[in-house]
There are 4 protein chains.
Amino acid sequence: MSKKQDIMAATLDLIHEEGLQSVTFAKLFKRASVGAGTIYNYFANKEELVNAVYREARKLMGEFLLMNYDPGASLYERFKRLQLNRLEFGIRHPKEFLFIDSFSFSPYISPELRDAGDPNASSEVVLALIVEGQKQGVVKEMDSHLCHQLMHGIISSILKGYYVQKYPLSEVQIQQVLEASWKAVLV
Amino acid sequence: MSKKQDIMAATLDLIHEEGLQSVTFAKLFKRASVGAGTIYNYFANKEELVNAVYREARKLMGEFLLMNYDPGASLYERFKRLQLNRLEFGIRHPKEFLFIDSFSFSPYISPELRDAGDPNASSEVVLALIVEGQKQGVVKEMDSHLCHQLMHGIISSILKGYYVQKYPLSEVQIQQVLEASWKAVLV
Amino acid sequence: MSKKQDIMAATLDLIHEEGLQSVTFAKLFKRASVGAGTIYNYFANKEELVNAVYREARKLMGEFLLMNYDPGASLYERFKRLQLNRLEFGIRHPKEFLFIDSFSFSPYISPELRDAGDPNASSEVVLALIVEGQKQGVVKEMDSHLCHQLMHGIISSILKGYYVQKYPLSEVQIQQVLEASWKAVLV
Amino acid sequence: MSKKQDIMAATLDLIHEEGLQSVTFAKLFKRASVGAGTIYNYFANKEELVNAVYREARKLMGEFLLMNYDPGASLYERFKRLQLNRLEFGIRHPKEFLFIDSFSFSPYISPELRDAGDPNASSEVVLALIVEGQKQGVVKEMDSHLCHQLMHGIISSILKGYYVQKYPLSEVQIQQVLEASWKAVLV
DNA sequence: GATGAATGAGGATTCATTCAT
DNA sequence: CATGAATGAATCCTCATTCAT
């Protein structure tokens, strides 16, 4: 792995373990096994580093969300696919998911970056699906961004309970969650 | 108001405005209009202060959630009351709500504190209601904690949209949200 | 005991246990069981308090040094009496002895106080004895203050070894020390 | 000189000039001409710094005590060599000598450090000499540690007089002191 | 590019002292 | 006289950043 990747991975690890609060460069250098000055070859300062980590995590999630997404499937199937991918991303990439969730509304992440979406345009796919569902009279009339947030918020909330081991998330529970999130947006 | 309450209120304000990242003692003392040493009469250090603010916010939310809760009312009425209270807490106490939401799963809050619940045992009331609904065959069979988290997640995402997008949450919209969350957990 | 004495006793205790370095007023108030402002009824500030404790310790040692001192006894007997009293003072009042020893050359004690001697004029008695011995051709010719310091220095050194339990100080050892200190000043 | 040595030298200077009481980091950094954070590359905190200075002073004294010590010389010659070295160390290194003397029995220096001795084992050499002298019937029978402390106490008090009263300690006076300390431990 | 010793502005914390009760 | 909450200047300490190697 390159030095740059080492640094970014160490950053994400430390944020997950101790919170951004206590991520100091000293800890970072030790964890990433690089010299103190090396980081400045790649990132102008701490904020840029964190933003880069955020950008990469968003990119990873964006790719994950559209995995096996079949544009030709039914509305219901597509909705469930998106929500399933969202949930599985959280299960397989807890560090990335929590980081995104925590900092999406934090002043530490530059607003342009937060709203930038991802190169895969997964947001656009979700929004289009919502609008399509509303046109068909299946999905409740509401701001499409709000609906998107509702979809994300439900999954997010479920994942947080899972992370602190309130309950398992096996096949049965996953299906229940997908069903519930679908019902929540129906007319 | 006592100095202690001044300090805690100023802390919550600053976290809300600028994020925990940038809450320095200098800002805190100025905002709370107290001397630099005063805080140490009440809190051993910054972390204890933040934890105390968290504890108080949780207590406030716990009390709010059970306001006007009538154990003799119908299942549906009780469900709506709990969800209404949750929503109204978020509307009336946005700083407390966001703070709780952001830090409940952050390493900055000690896990014991997160799991402590509130003295009013509002969680237990919610869980009992879910179990009761499942016995009656009305609420879908699933882990009660999972269901609880679903209820919270829906309200939470609606609130975040409300905070950011500044759309109104008047009587009509509130009723829609309560209905939607009810449908999400039905069989 | 009066509050003033409580405070002075607590000060001496804490200096002995932790060093002047770490004697804070907070610890002092707790140990002496008095309110934070009480001290200022008796002492203008911390330095005056420490100086008062020093003055009292010096007074106590001064009185002790002349106990059972018989002006009519032989030069040798009087010398041994003074040295014995010095040694026994150190054995019975370690806190006072170490405090005096440590701060006699410290800038923390005002120079006037250090040179003030004690009301019993024990210093004058010792100095007169030395001069008398030198006139008789028994005691080595040297500055009488230097000789006084030699007498004190030997006892002090022995006591410090005793305090850290390098050896016991029972009757036999005490006599050996007195003899050695006598021989050290003989012609 | 290295930064570390600069810092330690400045620390010793300041302790000598103003007492440990008033050695603040601000003074230290200015005196040592280093940045405020540099010290923390070498010492975890102020106490460790002072202990390190103590350790080094003890090491220096230990080496000095055994300079030109000839194990083949006569008992008397060896005794005088040890006492001469002790005295000359005090004359040439007054800061180190006074620092050791003041803090060896202070709670600020950890007891382990005080008892650690020096790597050159100068204490052991002195103790062995005493025991040898006692076997030959020359040195008075007493606890060897007590005798060692006597030897040190005499030199120490002479030095303190020298420091304060500024009388000279030239060849003649030095020989008198050595003779006096020798007589003090004879049978 | 990589390093890590050095930096010093800035933040956390202490503690002697005051003063209203 | 006695109290102890409040104070804020002084102090300790941290940590992002620089730069010579």
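Quick note: numbers below take in every heavy atom, side chains included, and nothing from hydrogens, waters or symmetry partners. Chain A is the first sequence line, chain B the second, and so forth, proteins listed ahead of strands; every chain is numbered from 1.
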Mind calculating the distance between [atom1] ([X]) and [atom2] ([N]) to the nearest angstrom?
X	N	atom1	atom2	result
Asn45(B)	dT14(F)	CG	P	14 Å
Ile7(B)	dA5(F)	CD1	C1'	11 Å
Gln21(B)	dC15(F)	CD	C1'	13 Å
Lys46(B)	dT14(F)	NZ	P	14 Å
Lys4(A)	dA2(E)	NZ	P	12 Å
Lys30(A)	dC15(F)	NZ	P	14 Å
Glu48(C)	dA16(E)	CD	C1'	14 Å
Phe43(A)	dA2(E)	CZ	P	12 Å

Q: Fit a plane to each ring of Tyr40(B) and Phe25(B), take the angle between them on a 0 to 90° scale, and name the class: parallel (under 30°), tilted (30 to 60°) or perpendicular (over 60°).
A: tilted
Q) Looking only at side chains, do Tyr108(D) and Ser22(C) share a donor and an acceptor under 3.5 Å apart? A) no
Q) For dT18(F), what is the paired nucleotide under Watson-Crick or G-U wobble rules, both distances under 3.5 Å? A) dA5(E)
Q: By nearest nucleotide on DNA chain E, pick out whichever of Val23(C) and Val34(A) is the more 5' one.
A: Val34(A)
Q: By nearest nucleotide on DNA chain E, pick out whichever of Ala44(C) and Gly35(A) is the more 5' one.
A: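 Result of the comparison: Gly35(A).
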Looking for any heavy atom pair under 4.0 Å, which part of the strands does [X] touch: base, sugar-phosphate only, or nothing?
X	result
Tyr42(C)	sugar-phosphate
Phe25(A)	base
Thr38(D)	base
Phe29(D)	nothing

Nearest of [options] to any side-chain atom of [X]?
X	options	answer
Tyr40(A)	dA16(E), dT3(E), dA16(F)	dA16(F)
Lys3(C)	dT3(E), dT3(F), dC12(F)	dT3(F)
Ala36(A)	dA16(F), dT18(F), dA5(F)	dT18(F)
Thr24(B)	dT17(F), dT17(E), dG11(E)	dG11(E)

Q.
Tell me if a side-chain donor or acceptor on Lys3(B) pairs with a main-chain N or O of Tyr42(B) at a distance below 3.5 Å.
A.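 Not at all, since once roles are kept as given, no pair shorter than 3.5 Å links the two residues.
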Q: Please test Ser110(B) against Asn51(B) for side-chain contact (heavy atoms from CB on, under 4.5 Å), starting from the C-alpha separation and ending with a verdict.
A: CA-CA 8 Å; Ser110(B) 63; Asn51(B) 275 279; 3.8 Å; yes
Q) Out of Lys160(D), Arg58(D), Lys95(D), which residue meets the salt bridge (charged side-chain N to carboxylate O under 4.0 Å, His left out) rule with Asp101(D)? A)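 The salt bridge (charged side-chain N to carboxylate O under 4.0 Å, His left out) with Asp101(D) is passed solely by Lys160(D) among Lys160(D), Arg58(D), Lys95(D).
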Q.
Any side-chain N or O of Asn41(A) below 4.0 angstrom from OP1/OP2 of dG1(E)?
A. no
